[in-house]
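Everything on this sheet refers to the single structure shown next.
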Amino acid sequence: MNTGKLNRRITYTPTGTYIDTPLGGKTLSAAGTPVETWCSARQLSMRELISYGLPVDFKTFEFGFIYERGANITNGMKLTYESKDFRVVQVSEVNEAKREIKVIATNQ
C-alpha cells in the first residue's frame with residue numbers, strides 16, 4: 001500500500017464484545033474506545049453505487065486503511081469523517097499481502 005495516500009483523519013469506534021452473563025446467556029458489552037487513524041477517502045460515483053447495489057440518495061465513500069489499523073472494522077460500525085457520521089455498509093477488500101483493507105460506508 002502506498003502510505004502517502006493515507007492523508008485523511010478518521011475515527012471509528014469498535015463495537016462491544018459478547019460477554020457471559022451469570023445466568024448462562026450472553027450480552028453485548030459497551031462499545032470500545034474510539035480509534036483515530038489515517039485513511040484514504042474517495043467518494044463513489046453514481047456508476048459505482050449502482051454496480052454495488054447501494055442507495056443513490058446517500059453520500060457513499062470508499063475508505064482505505066492499513067491492515068493493522070482497520071482489521072477490526074465490521075459492517076454496521078460507525079465512522080466519523082470530516083465531522084460527519086458514516087455507517088459501514090461493506091468491507092469490500094481485505095488484502096493481507098498488500099497490508100490494506102477497503103471499506104464502503106454511507107453518510108447517515
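Model, not experiment: these values are computed from the prediction.
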I'd like to check the side chain to side chain donor-acceptor pair (under 3.5 Å) partners of [X]; sequence neighbours left out, ordered by chain and number.
X	answer
D85	T80
Q43	none
T11	none
T60	none

### Task
Using modelled atom types only, decide if a donor and an acceptor are shared between the side chain of R87 and the backbone of G76 within a distance under 3.5 Å.
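Yes; at least one donor-acceptor contact below 3.5 Å.
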To the nearest 0.5 Å, what is the distance between [atom1] on [X] and [atom2] on [Y]?
X	Y	atom1	atom2	answer
Q90	I104	CD	CD1	4.5 Å
C39	E62	SG	CD	11.0 Å
I66	W38	CD1	CH2	11.5 Å
L44	K59	CG	NZ	12.5 Å
F65	I10	CZ	CD1	4.0 Å

#### Entry: Test salt bridge (Lys or Arg N to Asp or Glu O under 4.0 Å) applied to R9 - qualifying residues, sequence neighbours left out
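R9: salt bridge (Lys or Arg N to Asp or Glu O under 4.0 Å) contacts with E36.
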#### Entry: Contacts of E48 that satisfy salt bridge (Lys or Arg N to Asp or Glu O under 4.0 Å) - sequence neighbours left out
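Salt bridge (Lys or Arg N to Asp or Glu O under 4.0 Å) list for E48, sorted by chain: R42.
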### Message
Does V88 form a side-chain contact (heavy atoms from CB on, under 4.5 Å) with Y12? I'd like the steps, not just the answer.
### Response
CA-CA 10 Å; V88 175; Y12 66 89; over 6 Å; no
### Query
Side-chain contact, heavy-atom cut-off 4.5 Å: T74 with V91?
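No, too far: nothing below the 4.5 Å cut-off.
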### Any side-chain heavy-atom pair of F63 and I73 under 4.5 Å
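No - every pair of side-chain heavy atoms lies 4.5 Å or more apart.
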### Task
Would you please name every residue forming a side-chain contact (heavy atoms from CB on, under 4.5 Å) with V89, sequence neighbours left out?
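Per chain and number, V89 pairs via side-chain contact (heavy atoms from CB on, under 4.5 Å) with L54, T106.
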### Message
Going by the rule side-chain contact (heavy atoms from CB on, under 4.5 Å), which residues pair with P55 if we only count those two or more places apart in sequence or in a different chain?
### Response
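With neighbours one apart ignored, the set is D57, F58.
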#### Entry: Pairs touching residues 87-108 that satisfy ring pair (Phe, Tyr, Trp, His ring centres under 6.0 Å), sequence neighbours left out
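Residue pairs with at least one partner in residues 87-108: there are none.
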